[in-house]
Amino acid sequence: MSAPLLDIQTMRLSVKTDEGMAQILDHVALTLPRGRILGLVGESGCGKSTLVRAVLGILPRGATVDSGHILFENEDLLRLSEQELAKRIRGSRIGFIPQDPYLALNPVFTVGDQLLSVMRWHAPAPPGVTGRRARMRHHRERLVELLRRVQIPEPEAVLDRYPHQFSGGQRQRLMIAGALACSPRLVIADEPTTALDVTTQLQILKLLKSLVAEFDISMLFVTHDFGVVAQLCDDITVMYAGQTVESGPTAAVLADPQHPYTQALLACHPDRAQSLLGIPGRVPSPLNAPPGCRYAPRCPHAIDDCTRRAPHFAETGAGHLVNCRLAETQPEAA
Amino acid sequence: MLRFILRRVLLAIPSLFGLLVLTFFLVRVVPADPATALAGENATPAQIAAIRHEYGFDQPLYKQFVVYLGQVARFDFGESAYSRRPVSLDIKQRLPATLELTITSLLLGTFLGIPLGTIAAVYHNRWPDITLRILSVAGVAIAAFWFAIELQLLFSMELDWLPLRGRLSSSMDAPPLVTGFMLIDSLLAGRWDAFTDTLHHLILPAMTLSLGGLATIARFTRAGVLETLQRDFVTYARAQGVPSRVLIWKYVLKNSIVAALTQIGLLFGGLIAGAVVVETIFDWPGIGFYTVQAILTADYKVILGVTVVIGVIYAAVNILVDLIHGLVDPRLREQL
Ligand SMILES: Nc1ncnc2c1ncn2[C@@H]1O[C@H](COP(=O)(O)OP(=O)(O)OP(=O)(O)O)[C@@H](O)[C@H]1O
Ligand SMILES: [Mg+2]
């Protein structure tokens with residue numbers, strides 16, 4: 001198998017807060033093979049967006065990466081300078097689809113201005129096209145074509161409109177076109193359907209799925225909704241309180257969850273992981289998080305060792321990795 | 001857009017009307033007996049009665065008001081008791097000098113204040129920001145006359161770079177009067193020497209006058225930019241690789257200047273008030289200087305005329321600011 005497109009290992013990240021250092025990410029691991037859709041699932045606040053921001057190099061001030069690497073096309077993004085990231089990674093090789101398209105668009109500029117501005121810096125132009133004007137004309141044509149592809153009516157006219165003149169679903173289509181505009185290898189979508197109603201959500205998911213194949217891209221799809229993952233994603237990575245707890249092919253993880261957290265999550269809310277009312281205890285604060293497994297205080301199977309043991313992944317099936325003592329002690333037995 | 005303009009203009013009418021009512025009452029009603037006040041201390045009752053009749057003070061109040069409106073509409077404020085010239089003529093001659101000074105100060109304050117405020121926000125809590133914060137407090141707190149005198153001492157007396165006072169060197173012939181704005185008139189006449197001379201004269205008073213406005217605009221821009229930097233679209237633009245200088249100076253700034261723009265409209269009133277002090281110090285032949293004289297000699301027609309004219313200009317500036325708002329923010333344009 002060829003090297004994965006995106007490979008994150010032993011990623012630790014802390015943020016300086018008023019009350020001290022908060023360990024937001026702790027031993028996160030995530031692997032996205034080429035041409036696939038990976039669902040990153042976890043409760044609100046578990047650090048999904050922070051991880052995305054780390055990949056894009058747009059962490060908030062006060063955040064520091066303590067260890068780990070983010071290999072994208074065999075290059076460690078954490079070693080790149082801000083200039084390099086801005087110049088040849090963000091927008092150009094990694095496209096981004098935000099959670100709330102309404103807030104993500106600048107209200108006082110036209111949609112065309114905003115989408116074309118990204119293309120102006122990052123979109124490749126075919127060899128024959130030289131000169132600023134010719135390039136911009138080319139970008140404009142490509143954008144119109146993309147807008148048509150994501151089913152925006154009257155794509156030509158749309159470029160001169162302002163964000164508030166679109167519906168939520170249309171805006172998200174605009175963002176999708178924007179993410180694809182510069183022919184990226186990877187598209188990261190951070191809960192792109194959370195702000196939409198169910199019907200629109202379904203249409204957008206279908207669109208995304210078809211685009212991944214058509215444009216030969218890979219996608220990191222962040223969500224807290226297992227239902228969405230089941231529909232869309234080839235693989236799944238589950239996070240809890242800043243740690244990766246389990247990952248593997250979607251079908252395997254959903255059918256046979258290995259980590260007690262995943263099991264509890266799927267048991268108490270088959271479709272949605274938004275609420276964990278069914279699991280006793282609370283998510284630990286990242287401020288003074290215990291070492292070892294962060295789920296241990298709530299885990300029915302926990303023993304003393306759980307809070308001491310360094311996170312470690314055990315493979316319980318083809319590509320199915322679990323960060324849990326249980327999986328280690330019962331190798332392929334159950 | 002046309003409807004937007006029209007509506008803004010219509011909205012200004014009530015406040016202008018309010019201004020007229022206010023000035024009318026201040027001048028005609030508040031003094032116990034304006035005729036006595038006008039006639040002076042040693043007037044006989046017959047003289048007072050004559051004045052009362054001449055000025056229409058014996059008419060019912062509403063009739064007086066209608067007459068007053070008519071006068072204002074004709075730009076007729078009567079004759080200055082001091083200069084014995086029509087007030088409107090004095091205003092016409094002096095207003096451009098004041099406008100030239102205030103507009104220059106406003107432009108100076110805007111075009112320095114907005115970039116400085118933006119830089120402060122980008123370097124939030126680091127040295128450029130802290131320096132600017134100290135300076136802007138100083139800018140608001142420093143007395144204009146002290147600053148003016150310091151400037152005069154340094155640039156005129158010590159370094160001899162800039163003239164001490166006035167609007168044009170006495171050795172220089174004034175360009176033919178067209179707009180009354182010396183800079184424009186000298187350009188129209190092709191008088192480069194007069195243009196640079198006026199510009200030199202303008203620098204110190206404009207700097208003095210712009211100080212408070214500059215600080216205010218910088219502060220509001222900084223606050224606006226800081227707020228905008230928190231918005232999601234900034235994160236999105238960064239995530240999509242928009243270079244940070246484009247992001248800040250184009251996308252963030254346009255969202256942030258709305259608050260600063262509102263301030264610019266309000267500042268204009270303060271600038272005209274400030275012009276009184278600055279014109280006196282720099283011997284600038286504007287309306288502020290003229291008003292001070294009028295107040296000192298209780299020349300009420302002058303005070304009235306100046307108040308009305310400045311009120312109208314103030315309203316016009318704020319309409320303009322509203323229109324710029326409409327240009328900046330498409331949502332505002334569509335609300336109507
Ligand atoms: N700038 C910051 N300063 C301090 N804490 C932060 C900062 N940014 C994020 N956090 C904390 O990091 C944790 C993870 O936040 P993050 O936004 O990554 O979660 P998420 O999984 O994306 O949640 P959601 O599903 O709500 O989007 C949260 O506990 C949050 O409070
Ligand atoms: Mg998030």
Side-chain angles (χ1 to χ4, degrees), chain A residues 49 52-53 55-61 82-111 113-123 160-165 174-175 178-182 184 187-190 195, chain B residues 1 4 114 118 120-129 221 224-262 321-336:
Chain A
S49 296
V52 166
R53 297 183 75 150
V55 173
L56 293 166
I58 52 167
L59 286 167
R61 213 176 276 166
E82 161 67 23
Q83 279 82 1
E84 281 176 300
L85 284 167
K87 208 166 169 182
R88 55 187 188 82
I89 301 291
R90 300 202 284 258
S92 49
R93 280 158 69 200
I94 302 182
F96 179 67
I97 303 172
Q99 169 165 0
D100 192 329
Y102 187 61
L103 299 177
L105 285 165
N106 194 324
V108 304
F109 287 89
T110 61
V111 161
D113 180 308
Q114 297 181 57
L115 296 182
L116 283 168
S117 131
V118 173
M119 295 182 79
R120 170 165 175 219
W121 300 103
H122 300 301
D160 296 323
R161 289 199 205 131
Y162 288 91
H164 68 273
Q165 297 168 312
L174 294 173
M175 308 317 284
L180 295 172
C182 307
V187 169
I188 300 181
D190 191 351
Chain B
M1 194 65 196
F4 180 76
I114 288 180
T118 309
V122 171
Y123 292 94
H124 183 44
N125 280 342
R126 283 178 274 170
W127 70 264
D129 184 28
T221 308
V225 171
L226 276 180
E227 199 194 309
T228 309
L229 284 174
Q230 304 295 322
R231 308 252 308 258
D232 276 10
F233 66 76
V234 176
T235 312
Y236 173 69
R238 283 187 69 203
Q240 282 283 68
V242 175
S244 52
R245 83 198 121 83
V246 180
L247 179 58
I248 299 287
W249 296 101
K250 180 177 173 188
Y251 292 104
V252 170
L253 196 54
K254 194 172 173 191
N255 276 276
S256 314
I257 52 176
V258 173
L261 270 180
T262 313
V321 167
D322 272 351
L323 294 184
I324 297 176
H325 267 183
L327 283 181
V328 169
D329 193 336
R331 291 165 301 181
L332 217 58
R333 245 176 285 158
E334 282 172 21
Q335 270 170 20
L336 307 168

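The figures that follow rest on heavy atoms only: side chains count, while hydrogens, waters and symmetry mates do not. Below, chain A is the first sequence line, B the second, and so on; all start at residue 1.
At a 4.5 Å heavy-atom cutoff, A/Q99 makes no contact with chain B through either its backbone or its side chain. Proximity to chain B is limited to the side chain of A/R53, based on heavy atoms less than 4.5 angstrom apart. If you measure heavy-atom distances from A/R120 to chain B, you find no contacts under 4.5 Å at all. For A/D113, the parts lying near chain B are the backbone and the side chain together; criterion is any non-hydrogen pair under 4.5 Å. Neither the backbone nor the side chain of B/V234 has a heavy atom closer than 4.5 Å to any heavy atom of chain A. Interface residue A/L103: backbone and side-chain heavy atoms are both found under 4.5 Å from chain B. Using a 4.5 Å cut-off between heavy atoms, B/R238 touches chain A through backbone and side chain atoms alike. Both the backbone and the side chain of A/Q114 come within contact range of chain B, each with at least one heavy atom under 4.5 Å from a heavy atom of that chain.
Other residues, nucleotides and ligands contribute only 12 or fewer heavy atoms inside 6.0 Å of the NZ atom of A/K87.
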Exercise for the section: With side-chain contact (heavy atoms from CB on, under 4.5 Å) as the test, would you mind laying out the steps for B/K254 and A/F109 before giving the verdict? Expected result: CA-CA 9 Å; B/K254 194 172 173 191; A/F109 287 89; 3.5 Å; yes
Practice task
Show your working on side-chain contact (heavy atoms from CB on, under 4.5 Å) between B/N255 and B/R231 and close with a plain yes or no.
Solution key: CA-CA 10 Å; B/N255 276 276; B/R231 308 252 308 258; 4.3 Å; yes
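With A/I94 as the fixed residue, the side-chain contact (heavy atoms from CB on, under 4.5 Å) test singles out one of A/V187, A/I188, A/V52: A/I188. Results of the side-chain contact (heavy atoms from CB on, under 4.5 Å) test with B/T228 over B/L253, B/V252, B/I257, B/V258 single out B/V252 as the only residue that passes.
The candidate with the highest count of non-hydrogen atom pairs below 4.5 Å against chain B, out of A/E82, A/R90, A/R61, is A/R90.
Put simply, CG on A/L56 and CG on A/L85 are 8.5 Å apart, with the number rounded to the nearest 0.5 Å. Remark: A/S117 OG to B/Q240 CD distance equals 9.5 Å, nearest 0.5 Å.
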